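Basis for what follows: all heavy atoms, side chains included, without hydrogens, waters or symmetry-related copies. This structure is a prediction, so every number in the text was calculated from the model and none was measured.
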Amino acid sequence: MTDSKPTQAPKTDAPASDLRATLNLPDTPFPMRGDLPKREPAWVQDWNSQDLYLKLREARKGAPLFVLHDGPPYANGKLHIGHALNKVLKDMIVKSRQLGGFDAQYIPGWDCHGLPIENAIEKLHGRNLGRDAMQAKSRAYATEQIEQQREDFKRLGVLGDWERPYRTMDPANEAGQIRAFKRVIERGFVYRGLKPVYWCFDCGSSLAEFEIEYADKQSDTLDVAFEADDAAALARAFGLTTLPESLASGGKKAFAVIWTTTAWTIPANQALNAHPELDYALVDTPRGLLLLAQSLVDKCLERFGLTGEVIATAKGEALRGLVFRHPLHDTVSAEEGGKYSYQRKSPLYLADYVTASDGTGIVHSAPAYGVDDFNSCVAHGLKYDDILNPVQGNGVYADELPFFGGQHIWKAVPRILEVLAQSDRLFATQKITHSYPHCWRHKTPVIYRAAAQWFVRMDEGEGVFTQDKAPKTLRQLALEAIDHTAFYPESGRARLRDMIANRPDWCISRQRSWGVPVPFFLHKDSGELHPRTMAILDQAADIVERGGIEAWSRVTPEEILGAEDAVHYTKSTDILEVWFDSGSTFWHVLGHRTGSHAKNYPNGACHAEGPEADLYLEGHDQHRGWFHSSLLLGCAIYGRAPYKGLLTHGFATDGQGRKMSKSLGNTVEPQSVTSKLGAEIVRLWVAATDYSGDLNIDDKILARVVDAYRRVRNTLRFLLANVSDFNPATDAVPLAEMLEIDRWALARAGELQADILRHYDAYEFHPVVGKLQVFCSEDLGAFYLDVLKDRLYTTAPKSLARRSAQTALWQISHAMLRWMAPFLSFTAEEAWPVLAGSANRGSIFMETYWPFTSPDEALLAKWARIRAIRELANKEIEAVRGTGAVGASLQATLAITAGPDDAALLRSLGEDLKFVTITSAATVVDGEHLAITVTPSTAPKCERCWHYREDVGAHGDHPTLCGRCVSNLHGDGEARHIA
């Protein structure tokens with residue numbers, strides 16, 4: 001198909017001795033070699049210099065709007081292959097919609113605030129920077145990172161508004177976030193509370209659910225005894241008059257035994273919990289009377305190395321109100337321990353979260369360090385001010401904590417075990433490895449830690465300064481929004497629904513410097529917000545819009561509140577967490593009236609019900625990240641999601657499916673692939689791989705992608721070369737006058753296009769790539785173009801036969817460029833001026849999909865059967881070629897025996913049957929079953945068309961030519977009707 005090399009233009013008046021010059025050989029400036037690494041940068045530069053993105057917007061002005069809202073990559077570090085995967089997917093979707101006639105807008109963005117940048121600055125400049133210095137250096141650092149990433153994204157061929165991106169650190173966007181925050185407050189969702197939240201010692205701040213990942217951790221388990229404070233009450237709970245060898249007579253002591261994996265929480269214990277419906281046993285052992293879940297008695301005694309006898313049982317409900325002593329009760333006096341003295345009591349509460357699946361069936365409660373513990377203690381009347389919280393933000397116990405003060409909690413565990421053992425309260429300990437929450441940035445273990453934070457409430461409750469209360473809870477609104485969202489793939493729906501259904505309230509405050517402020521003033525005594533808080537939020541947003549968050553940092557309480565009020569209030573130094581940053585971008589990017597990018601959406605991505613994107617697209621980890629926070633904020637503000645659809649993709653992994661890491665040496669850098677093979681290869685890899693799972697990549701996989709690219713490029717080159725002398729204005733043949741096989745080719749292309757567009761509408765790319773390759777290799781290369789070569793090369797240049805073929809090829813070329821443009825953007829753009837001509841120097845992306853007429857189903861069915869018979873004929877010819885009886889298929893003569901239907905089908909081709917089978921002669925014989933006989937032709941070979949024909953030399957002036965070549969060169973030309 002592609003072995004013919006470009007030569008000079010056809011010459012029908014050449015001397016007979018120069019037969020090659022009489023052929024219409026293909027000719028095109030479109031090179032066989034892509035030379036992508038060298039040529040692609042020129043296209044990037046050209047797109048930039050002509051501001052192609054704005055030209056595309058002008059070209060689609062007034063068209064239906066399509067908005068893919070960019071989930072902002074973090075402005076830190078150079079791009080990795082996951083970034084490339086994500087941005088290329090987005091680019092393919094936007095371009096496919098652009099070609100579909102939409103005003104397909106894409107404003108790239110960056111997430112600029114948050115801890116990773118602060119960490120980078122601290123590594124460069126130390127940990128003791130003031131807020132002003134941290135903010136200035138963070139802004140400069142993020143700006144540098146964005147510039148580097150932007151150039152890499154552009155090099156990948158991603159088209160977007162690169163000169164006008166959105167950045168969460170742009171003052172207008174920072175102000176927009178404050179205004180969005182105000183609206184969430186108005187809707188009644190924001191409150192301040194003391195609650196245990198995930199806390200990272202390395203971050204020095206609380207973490208959101210989205211920022212947690214689980215990894216194995218080794219911990220010490222311990223069974224710890226809490227002595228009963230009232231023996232008589234314990235006896236009554238079990239229906240006993242008194243305990244055996246009662247405490248009063250100096251006999252055995254009684255203990256409730258707990259099991260935990262968090263030894264560091266024991267110093268902060270303030271209660272015990274049992275399940276009201278569980279059966280509990282009082283067990284007599286050499287070490288005392290032990291209170292245990294009845295079903296766990298045997299396991300516990302084995303673990304403790306004790307023998308024992310159950311002397312009484314009772315339901316957990318009967319234990320309500322019992323009081324026990326802290327295990328270190330007798331080690332330090334109240335005076336020595338102060339507020340952290342261990343001379344305190346641990347009341348036993350009833351709680352449904354207690355189980356008897358492991359441990360002892362009794363749970364110790366340190367309310368500062370566990371959500372269930374906190375809720376249980378508060379529900380039973382423990383006041384916030386009485387909750388003990390000796391663990392500081394850096395993970396070190398407060399100095400005044402007896403025995404362990406000043407020690408880091410992880411390093412203090414051996415000492416805790418030692419002191420418990422010395423106090424005769426440690427019954428057992430062993431090491432285990434278990435799944436444990438870690439910070440996804442630092443990969444270090446986190447804890448729950450009670451802290452006064454600002455929360456977005458998921459369920460019923462009061463918010464601060466509610467003015468326009470939402471009609472439903474945020475959880476209800478979010479779950480309903482999920483039902484109205486399209487998911488690609490559909491499995492994402494259940495995943496997001498489960499996360500929303502079970503998530504706790506959202507802690508939105510952080511104790512850092514580089515981020516959008518929580519612009520509150522708190523009363524120094526009561527902790528209450530200033531009564532003018534809502535007006536202050538507006539004032540803060542205006543200040544930030546003029547000067548960025550730095551301007552708010554410099555503002556004094558006196559400037560906002562006045563001198564009289566300022567002395568009574570403290571200015572909050574908290575910032576909104578980074579997920580609030582990215583989750584609220586729809587507010588100030590998707591055309592909101594207060595946003596800096598409203599001008600970019602003239603057709604109204606923002607409407608009466610608020611901004612709405614057609615699609616959000618990110619990795620599947622963003623069900624708990626950007627998708628999640630955007631959903632909550634959209635529902636909090638507008639009562640619905642800010643998107644119509646969610647698309648998730650897998651992660652880039654190596655050829656064996658392993659996660660990429662520098663230690664394994666299996667990373668693939670997009671910059672390296674682009675410089676060696678070209679960005680098209682990265683793009684084709686993305687398009688050709690099913691993104692619903694992880695996407696494997698390595699050198700071998702890329703080599704296969706390169707081969708696939710070459711096949712498509714060679715097909716495209718053949719098409720362009722054979723329409724190089726075709727002028728559609730003067731040479732195009734009406735569909736009704738075209739040869740039948742050409743009409744079939746257009747019908748097949750139209751059928752394929754309909755299929756491709758269905759895939760594009762569903763954001764599916766790998767089926768498009770697969771079907772395009774099959775079309776190039778099977779429909780075109782192995783059939784249509786193979787059949788067509790004789791007609792293209794040998795008939796008169798301006799004959800109906802040749803112009804009919806060129807009309808089909810010209811339309812197929814146009815269609816094919818549009819099909820491949822979303823993923824092979826550089827190649828399509830390179831080929832476009834070759835096809836469109838020098839008069840059209842625009843971009844392929846200005847165009848729309850080719851307007852094929854509805855496919856002729858009868859014609860498609862007819863030629864499907866003809867192709868099947870041709871395949872059988874080819875197999876028979878190959879078998880004969882194996883014997884050496886014939887060389888090329890043109891040396892063969894076919895006799896096809898066929899039943900009535902097939903015979904009629906083949907006879908409808910007339911004399912053109914031989915062209916379809918690419919033989920020199922083919923006849924149809926009536927019979928019952930399909931059978932094909934191949935015999936070598938005995939006719940001489942025409943030196944021009946290479947057909948074996950009896951009329952070779954029949955014309956005296958042309959002794960080496962057949963009659964059809966003589967007619968094509970010097971007469972009226974041969975008549976072709978079908979092929």
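Tested against Glu618 for a side-chain hydrogen bond (donor to acceptor under 3.5 Å, both in side chains), the candidates Lys90, His649, His623 yield a single pass: Lys90. Between Leu617 and the choices Val94, Ile93, Asp70, the side-chain contact (heavy atoms from CB on, under 4.5 Å) rule is met once, by Ile93. Evaluated for a ring pair (Phe, Tyr, Trp, His ring centres under 6.0 Å) with His69, the options Tyr643, Tyr106, Trp626 yield exactly one hit, Trp626.
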Problem set entry | ring-ring contact (aromatic ring centres under 6.0 Å, His included) between Phe520 and Phe181, worked out | CA-CA 12 Å; Phe520 287 161; Phe181 179 48; 5.6 Å; yes
Problem set entry | Steps toward side chain to side chain contact (heavy atoms under 4.5 Å, CB included) verdict (Met820, Thr827) | CA-CA 9 Å; Met820 61 190 276; Thr827 304; 3.7 Å; yes
For this session: Report the C-alpha distance between His628 and Trp506 in whole Å, list the side-chain angles of each, state the deciding distance to 0.1 Å, and finish with yes or no for ring-ring contact (aromatic ring centres under 6.0 Å, His included).
Result: CA-CA 11 Å; His628 197 124; Trp506 179 11; 7.8 Å; no
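Although no hydrogens or angles enter the test, the distance criterion places no donor-acceptor pair under 3.5 Å between the side chain of Glu211 and the main chain of Cys439. No side-chain donor-acceptor contact under 3.5 Å links Asp574 to the backbone of Gln511. In this structure, the side chain of Glu174 does not engage the main chain of Gly548 through any donor-acceptor pair within 3.5 Å. Panel note: side chain Gln453, backbone Ile508; no donor-acceptor pair is recorded below 3.5 Å. Of the possible polar contacts, one joining the Arg139 side chain to the Met169 backbone as a donor-acceptor pair under 3.5 Å is found. Formation of a donor-acceptor pair under 3.5 Å by the Ser49 side chain with backbone atoms of Asp46 is found in this model.
Listed by chain and number, the residues in a side-chain contact (heavy atoms from CB on, under 4.5 Å) with Gln753 are Leu757, Ala815, Trp819, Tyr849, Trp850, Phe852 (sequence neighbours excluded). Shown here are the side-chain contact (heavy atoms from CB on, under 4.5 Å) partners of Ser692, two or more places apart in sequence or in another chain: Pro489, Asp690. Qualifying side-chain contact (heavy atoms from CB on, under 4.5 Å) partners for Thr466, counting only residues two or more places apart in sequence or in other chains: Lys469.
A salt bridge links Arg683 with Asp91: the distance from a Lys NZ or Arg NE/NH1/NH2 to an Asp or Glu carboxylate oxygen falls below 4.0 Å. The pair Asp761-Arg758 does not count as a salt bridge, with every side-chain nitrogen at least 4.0 angstrom from each carboxylate oxygen. The pair Glu462-Arg457 does not count as a salt bridge, with every side-chain nitrogen at least 4.0 angstrom from each carboxylate oxygen.
For the residue pair Arg493 / Thr485, no side-chain donor-acceptor distance below 3.5 Å is found, with atom types taken as modelled. With no hydrogens or angles considered, no side-chain donor-acceptor pair links Ser513 and Gln135 at under 3.5 Å. For the 3.5 Å distance criterion, the side chains of Lys644 and His484 fail to qualify, holding no donor opposite an acceptor.
Side-chain contact between Met499 and Asn502: absent, with no pair of heavy atoms (C-beta onward) separated by less than 4.5 Å.
Remark: Arg167 fails to qualify as a cation-pi partner of Trp110 under the 6.0 Å distance and 45° angle criteria applied to the six-membered ring. In this structure, Arg57 forms a cation-pi arrangement with Tyr53, its terminal cationic atom sitting closer than 6.0 Å to the ring centre and no more than 45° off the ring axis. Judged by a 6.0 Å distance limit and a 45° cone about the ring axis, Arg97 is positioned over the six-membered ring of Phe66.
The neighbour count for Glu490 CD, taken as heavy atoms of other residues, nucleotides or ligands under 6.0 Å away, is above 12.
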